[in-house]
Trainee: 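One structure, as structure tokens, below. Some questions next.
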Amino acid sequence: MHMFKRLAAAALILTSALPMTAQSEGGMYMSVEAEKKIDKKLSVSLEAATRSRNNFKTMDRWSLDLGAEYKLNKWLKAEAGYMLIDQNNREKINYKTTGAYDTWRPSYWQLRHRVYASLTGTLKLGNNFKVSLRERWQYTYRPEMTTQRWDFDDEAWEDKVRESKGKHVLRSRLTLSYDKKQALLSPYANIELYNGWGIEKVRYTVGTDIRLSKQHSLTTFYRFQDIRNASPEEYDTDMHYVGVGYKFKF
């Protein structure tokens, strides 16, 4: 019980900075992951995930992530991987200076390719508590794609070319966790900053891993995503996520 009180206090500190906003949506995050240990230091994994938005009514994206992890020493590990993402881009309405409708682009799906590499350092605090810092670089490439939009003046569809684009982002995540050997629950709380030449969004997460057996585990969490300086082209709204994931080790 004392452990849960301490973790709850830490979670309260992390989430106390959450801004109050009426322009936010709810979504669901679900994942399934398989991990294979090659030796004492190296492991590989494959994860499939889906994410929804619009208060759970609209599929936002799905992804497939192939990664590898290598333990450099007891407190430092390195990760690298490739992710295939199919993103459901939001619809977009352009207005004239008079306020009248100009063009409307419906939502559409588009593939993206992402590579990433990260280092994670972990420090034991005693009483089974750990604090870790992960620094991850990621590069996401969006191929060129032609979509259609409706022109209200001409009352006709027209082609719109969305040019290819690559983007570098540095993600910094600080996590406080409770990890007792053989315990059923391993609660955690973290804060993650997305930096693309400026803080674009901040994620606040509280959750717990659930140990079912040596090979099987679940994770469940709540996450608030605070959008700060996203470009109009990549616009997204603040999000409240509920997440659940399953992991199998072999």
Side-chain angles (χ1 to χ4, degrees), residues 29-51 60-87 109-124 130-144 164-177 179 186 188-205 207 209 211 214-219 221 223 225 230 234 236 241 243-250:
Y29 181 93
M30 296 184 292
S31 66
V32 176
E33 180 182 0
E35 180 182 281
K36 171 64 176 177
K37 195 169 185 177
I38 306 301
D39 55 35
K40 290 183 178 181
K41 293 187 175 182
L42 178 65
S43 62
V44 294
S45 62
L46 180 65
E47 181 185 52
T50 64
R51 194 174 71 188
D60 184 46
R61 81 173 200 181
W62 67 263
S63 62
L64 194 63
D65 185 353
L66 177 62
E69 178 183 296
Y70 186 80
K71 292 183 178 180
L72 301 171
N73 52 47
K74 289 184 178 181
W75 61 273
L76 185 64
K77 66 180 180 180
E79 297 172 87
Y82 164 78
M83 183 182 292
L84 177 66
I85 302 170
D86 198 6
Q87 182 81 33
W109 290 87
Q110 184 179 27
L111 287 175
R112 301 183 182 195
H113 306 274
R114 175 176 295 172
V115 292
Y116 61 87
S118 63
L119 286 174
T120 303
T122 303
L123 177 65
K124 292 183 179 180
K130 295 180 181 179
V131 61
S132 64
L133 176 64
R134 188 190 74 179
E135 294 290 349
R136 169 172 287 184
W137 162 84
Q138 68 180 34
Y139 174 76
T140 307
Y141 175 73
R142 182 193 72 198
E144 180 180 296
S164 61
K165 183 180 179 181
K167 184 176 182 180
H168 297 271
V169 172
L170 178 65
R171 296 168 54 175
S172 304
R173 188 181 72 188
L174 181 65
T175 301
L176 176 66
S177 61
D179 187 14
S186 299
Y188 60 88
N190 64 53
I191 178 172
E192 184 172 19
L193 281 68
Y194 283 62
N195 191 340
W197 304 108
I199 302 301
E200 297 181 346
K201 62 183 174 184
V202 183
R203 283 180 170 176
Y204 307 85
T205 305
D209 294 328
R211 186 180 184 275
K214 188 175 181 180
Q215 292 180 303
H216 304 272
S217 64
L218 296 175
T219 186
F221 62 85
R223 174 177 295 153
Q225 178 174 280
E234 300 292 337
D236 205 351
Y241 286 114
V244 60
Y246 165 76
K247 186 173 184 178
F248 173 71
K249 294 182 179 181
F250 63 98

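Hydrogens, waters and symmetry mates are skipped; everything else that's a heavy atom, side chains included, is used.
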Trainee: What's the spacing between Thr140 OG1 and His113 NE2 if we round to 0.5 Å?
Mentor: 11.0 Å

Trainee: Check the pair Lys247 / Glu35 against side chain to side chain contact (heavy atoms under 4.5 Å, CB included), numbers first and verdict last.
Mentor: CA-CA 7 Å; Lys247 186 173 184 178; Glu35 180 182 281; 3.2 Å; yes

Trainee: Distance check, rounded to the nearest 0.5 Å: Ser45 atom OG versus Phe248 atom CZ?
Mentor: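 Ser45 atom OG to Phe248 atom CZ measures 13.5 Å (nearest 0.5 Å).
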
Trainee: Looking at CG of Leu66 and CD of Glu47, how far apart are the two atoms once the value is rounded to the nearest 0.5 Å?
Mentor: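 If I round to the nearest 0.5 Å, the distance is 11.0 Å.
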
Trainee: How long is the span from the NZ atom in Lys77 to the NZ atom in Lys71, to the nearest 0.5 Å?
Mentor: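 It comes to 7.5 Å.
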
Trainee: Any heavy-atom pair between the side chains of Arg136 and Glu79 that's under 4.5 Å?
Mentor: yes

Trainee: Measuring from Lys130:NZ to Lys124:NZ, what's the distance to the nearest 0.5 Å?
Mentor: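 Result: 5.5 Å between the selected atoms.
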
Trainee: Please name the pair of heavy atoms, one in Asp179 and one in Ser186, separated by the smallest distance, quoted to 0.1 Å.
Mentor: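 Taking Asp179 first and Ser186 second, the nearest heavy atoms are OD1-OG, 3.8 Å.
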
Trainee: Please give me the minimum heavy-atom distance between Tyr194 and Val169, naming the atom from each residue.
Mentor: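 The answer is CD2-CG1, 4.0 Å.
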
Trainee: Please test Lys165 against Arg112 for side chain to side chain contact (heavy atoms under 4.5 Å, CB included), starting from the C-alpha separation and ending with a verdict.
Mentor: CA-CA 10 Å; Lys165 183 180 179 181; Arg112 301 183 182 195; over 6 Å; no

Trainee: Taking only residues two or more places apart in sequence, or in another chain, which ones meet Val44 in a side-chain contact (heavy atoms from CB on, under 4.5 Å)?
Mentor: Lys36, Ile38, Ala68

Trainee: Show the numbers, then the answer: is there a side chain to side chain contact (heavy atoms under 4.5 Å, CB included) between Arg61 and Thr50?
Mentor: CA-CA 6 Å; Arg61 81 173 200 181; Thr50 64; over 6 Å; no

Trainee: State which residues pass salt bridge (Lys or Arg N to Asp or Glu O under 4.0 Å) with Glu192; sequence neighbours excluded, sorted by chain then number.
Mentor: Arg134, Arg171

Trainee: Side-chain contact, heavy-atom cut-off 4.5 Å: Lys37 with Lys249?
Mentor: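 In short, these two side chains do not touch, never coming nearer than 4.5 Å.
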
Trainee: Specify the closest pair of heavy atoms between Thr175 and Asn190, including all atoms of both residues, with the distance to one decimal.
Mentor: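 Smallest heavy-atom distance, with atoms named: OG1-CB, 3.1 Å.
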
Trainee: Considering non-hydrogen atoms only, spot the tightest contact between Asp60 and Trp109 and give its length.
Mentor: O-CZ3, 4.2 Å

Trainee: Hey, does Leu119 have a side-chain heavy atom less than 4.5 Å from the side chain of Glu135?
Mentor: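 Heavy-atom side-chain distance check fails, nothing below 4.5 Å.
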
Trainee: Could you walk me through whether Tyr188 and Thr205 pass the side chain to side chain contact (heavy atoms under 4.5 Å, CB included) check?
Mentor: CA-CA 8 Å; Tyr188 60 88; Thr205 305; 4.1 Å; yes

Trainee: Measure across Ile191 and Leu193 and return the closest heavy-atom pair with its distance rounded to 0.1 Å.
Mentor: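 Looking at all heavy atoms of both residues, the shortest contact is CG1-CD1, 4.1 Å.
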
Trainee: Would you call the rings of His168 and Tyr139 parallel, tilted or perpendicular if under 30° counts as parallel and over 60° as perpendicular?
Mentor: tilted

Trainee: With sequence neighbours excluded, what pairs up with Arg114 under the salt bridge (Lys or Arg N to Asp or Glu O under 4.0 Å) test?
Mentor: none

Trainee: Would you give the length of the straight line joining atom CG of Leu218 to atom CZ of Arg211, rounded to the nearest 0.5 angstrom?
Mentor: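 One finds 12.5 Å between CG of Leu218 and CZ of Arg211.
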
Trainee: Measuring only between side-chain heavy atoms, which start at C-beta, is Lys167 closer than 4.5 Å to Glu200?
Mentor: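 With C-beta onward as the side chain, the pair touches.
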
Trainee: Taking salt bridge (Lys or Arg N to Asp or Glu O under 4.0 Å) as the test, write out the residues that go with Asp209, two or more places apart.
Mentor: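 Once residues adjacent in sequence are excluded, Asp209 has no partner under the salt bridge (Lys or Arg N to Asp or Glu O under 4.0 Å) criterion.
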
Trainee: For a quick test of reading the model, state the closest non-hydrogen atom pair linking Ser132 to Thr122 and the distance between them.
Mentor: CB-OG1, 3.6 Å

Trainee: Looking at residues at least two apart in the chain, or sitting in another chain, which of them share a side-chain contact (heavy atoms from CB on, under 4.5 Å) with Gln110?
Mentor: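 Applying side-chain contact (heavy atoms from CB on, under 4.5 Å) to Gln110 gives Asn89, Tyr108, Arg142, Met145, Arg162.
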
Trainee: Kindly assign one of parallel, tilted or perpendicular to the pair Phe221 and Tyr29, based on the angle between their ring planes and the thresholds 30° and 60°.
Mentor: tilted

Trainee: Residues in side-chain contact (heavy atoms from CB on, under 4.5 Å) with Tyr70, at least two apart?
Mentor: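 Tyr70 satisfies side-chain contact (heavy atoms from CB on, under 4.5 Å) with Lys41, Leu42, Leu72 only.
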
